[in-house]
Amino acid sequence: MAGRTPFYVTTPIYYVNDAPHVGHAYTTIACDVMARFKRLDGYDVKFLTGTDEHGQKVQKSAEAAGIAPIALADRNSQNFRDLAALLNVSNDDFIRTTEPRHITAVQALWQKLVESGDVYLGSYSGWYSVRDEAYYGADELVERDGKRFAPTGAPVEWVEEPSYFFKLSAWQDRLLEFYEQRPDFIAPAGKRSEVVSFVKGGLKDLSISRTTFDWGIKVPGDDTHVMYVWLDALTNYITAIGYPDTSGDYARYWPADLHMVGKDILRFHTVYWPAFLMAAGLEPPKRVFAHGWWTVEGEKMSKSLGNVVKPAELVETYGLDQTRYFLLREIPFGNDGDFSKRAMMQRINGELANDYGNLCQRVLSMIQKYCGGALPQPGERTEADTKLLDAAAALLPAVRAEIDVQAFHKALDVLWSVIGAANRYVDEMAPWSLRKTDTVRLGTVLYTLAEIIRRVAILTQPFMPQASARILDQLVVPEEARRFSDLDAGVLAGGVALPPPQGVFPRYVEAEPGKDEAPGAKGN
RNA sequence: AGCACCGUAGCUCAGUGGUAGAGCAGGGGACUCAUAAGCCCUUGGUCGGCAGUUCAAAUCUGCCCGGUGCUACCA
């Protein structure tokens, strides 16, 4: 434990007013790959996800449903727990902002901000639409008949409510200095420029409390206010490691190595959050990565279009590991991308079934048929064997470098380059011919291939834990010998009996409606 | 409107001064261990347009056209 480097990765906490969709799954899976990779690579990993449960929207939804806000939060928070389980996500903790530990942490952080002089009582004012429950900027309004209306057509009125403010304006220079010193703090690089330019444009103080609703954490010493959601929500990252106790897990895991976020909440994580933390005398996180959005078959995902992709349907239709693979392989991480059935099928069939799955299958089958089901003993190596083995040995540092910058697509690309090389090696060596001419050489070739597959499968574990495990099972690699340190230390031993091969990545064949029904039969 | 980024083969993208690349899709071939998989070969682009700098530009500069993002309280 003492010798292991800590690694702390977080998903955003998901808002309980939302139903889980592929976007949530995407963020969570990306973090899971980070967490699994780092664990296998010997790190002491803390992986946090959870739910954000306060705010006016939740209060309103609960009222509409005729239940208490906490009842709504309980129910919907569970949906996100279920999602994590569905996706085989390895989070170490699941935080809820309604938990006592979080309330304690947020109030403690508030006190720190008060003590540092960064909080003052003022009033928040603006053009408010009761109908939309939202404030609008003066420039957004339309004036008709001497009255002002929101872009939505709703009437607005000038309202003013008391509010505590955070002196964000005082942190502009220190934030810019921070970005300057830490060029990797915001990723991808393009997003960093946006944030820097935003901050350079000047910062206004931030309203951090509200009096118009009460579903939130009370401001210490002023029960008429609840904290504004972002202060509440962002604090979850330190709540989960024990804050305000800064000795134990906090000392070990903070600052977080990576906050993974969707691009819509980048600013909150890269401007407000570091400012809050610095004001409280705490360190900002090391890195915030803003990933992109998925469209579906070329269209924006939306409730009104009815094309929202539910993670459970993906897993049901394509399989869990296939879904995990597709999401991280299809688009350069950080970019927006499109989710289409066609692309999914191409990835599953072309890369999982044909390249990876079939490589395993053909090699294991030949061992089964030609070697009586026992892993052969390798003989003398040729240049071709060495070349392939060297390529596989070079995988870990190459993949690690990509994972460290969240280039998941490139990490997979690197792995597939060896899968491709192995498939070419099979054809070049033609074991089906060696079988008749040179059984010693045959043994070396099949052994080499099995060893390549072992190495690849160990490295695909973070992406596809179940499928990788099934491959390693078929090579009789002990469960405790699947860490990255076992890549070199756990080289396969010849002579071991292998079980009959079983396909791991089946081809996806689209069910053709009507095809499997009797003519004239009505479906369902 | 301002600022930033992007526009390269049918599709998704890499390439940032020295004779255009990958994967997928399309076409052809040899093999047969395997999941109608794998392997080999191959068609395809005046690198958005115009002008300039340079011995040399997809790569630098200017302008134009087209697209995207950001421009604070929306969790």
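Just so we're on the same page: letters track the sequence lines, and every chain starts at 1. Only heavy atoms go into these numbers, but all of them, side chains included; no hydrogens, no water, no symmetry mates.
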| note | All heavy atoms of Ala240(A) vs all of Arg101(A), minimum pair found to be CA-NH1, 4.0 Å
| said: Regarding Tyr14(A) and Thr28(A), do their side chains bring together a donor and an acceptor under 3.5 Å, going by distance alone? | reply: yes
| query | Which of the following nucleotides, A25(B), C39(B), C33(B), is nearest to the side chain of Asn423(A)? | reply | C39(B)
| message | A34(B), OP1 or OP2 - any side-chain N/O from Lys369(A) closer than 4.0 Å? | response | yes
| field | Same-atom distance (P) from A58(B) to U53(B), integer angstrom | value | 16 Å
| field | Which nucleotide in A75(B), G38(B), C40(B) has an atom nearest any side-chain atom of Asp427(A) | value | G38(B)
| task | Measure from NZ or CZ of Arg324(A) to the centre of the six-membered ring of Phe463(A) and say whether it is under 6.0 Å with the direction within 45° of the ring axis. | result | no
| remark: Side-chain contact check for Arg342(A): nearest option of C33(B), A25(B), A72(B) is A25(B)
| note | Nearest-nucleotide check on RNA chain B, Gly55(A) vs Lys263(A); residue mapping nearer the 5' end is Lys263(A)
| Nearest-Å distance once atom C1' is located in both G45(B) and G7(B) | 14 Å
| Does the side chain of Lys204(A) get closer than 4.0 angstrom to OP1 or OP2 of A72(B) through an N or O atom? | no
| Among side-chain atoms of Thr382(A) and Asp385(A), is any donor-acceptor pair under 3.5 angstrom? | yes
| task | Quote, to the nearest angstrom, the C1' distance that separates U8(B) from C47(B). | result | 4 Å
| query | Considering only side-chain heavy atoms of Asn335(A), which listed nucleotide, C13(B), C31(B), U35(B), is closest? | reply | C13(B)
| Above 12 or not: heavy atoms from other molecules or residues under 6.0 Å from NZ of Lys218(A)? | yes
| said: Please pick, from G69(B), U35(B), C24(B), the nucleotide with the shortest atom-to-atom distance to any side-chain atom of Gln346(A). | reply: C24(B)
| Which nucleotide sits closest to the side chain of Leu206(A): A75(B), C40(B), C73(B)? | C73(B)
| request: Name the nucleic acid region contacted by Ala233(A), choosing base, sugar-phosphate or nothing; use a 4.0 angstrom heavy-atom cut-off, strictly under. | output: nothing
| task | Among the candidates A75(B), C31(B), G69(B), find the nucleotide nearest to the side-chain atoms of Asp18(A). | result | A75(B)
| query | Given the C1' atoms of C55(B) and U19(B), what is the spacing between them in whole Å? | reply | 14 Å
| request: Return the nearest nucleotide to the side chain of Glu194(A); candidates are C70(B), C33(B), C73(B). | output: C70(B)
| field | cation_pi(Arg435(A), Trp432(A)) dist<6.0 Å, angle<=45 | value | no
| Nucleotide of A75(B), G69(B), G38(B) approaching Tyr15(A) most closely (side-chain heavy atoms) | A75(B)
| message | When you measure from the centre of the six-membered ring of Phe326(A), is the NZ or CZ of Arg347(A) closer than 6.0 Å and no more than 45° off the axis? | response | no
| request: Mind listing the residues from residues 357-365 of chain A sitting with a heavy atom below 4.0 Å of RNA chain B? Number order is fine. | output: Gly357(A), Asn358(A), Gln361(A), Arg362(A), Ser365(A)
| For Asp264(A) and Trp293(A), does a side-chain donor sit closer than 3.5 Å to a side-chain acceptor? | no
| query | Taking the side chain of Trp230(A) as heavy atoms from C-beta outward, which of A75(B), C40(B), A36(B) is closest to it? | reply | A75(B)
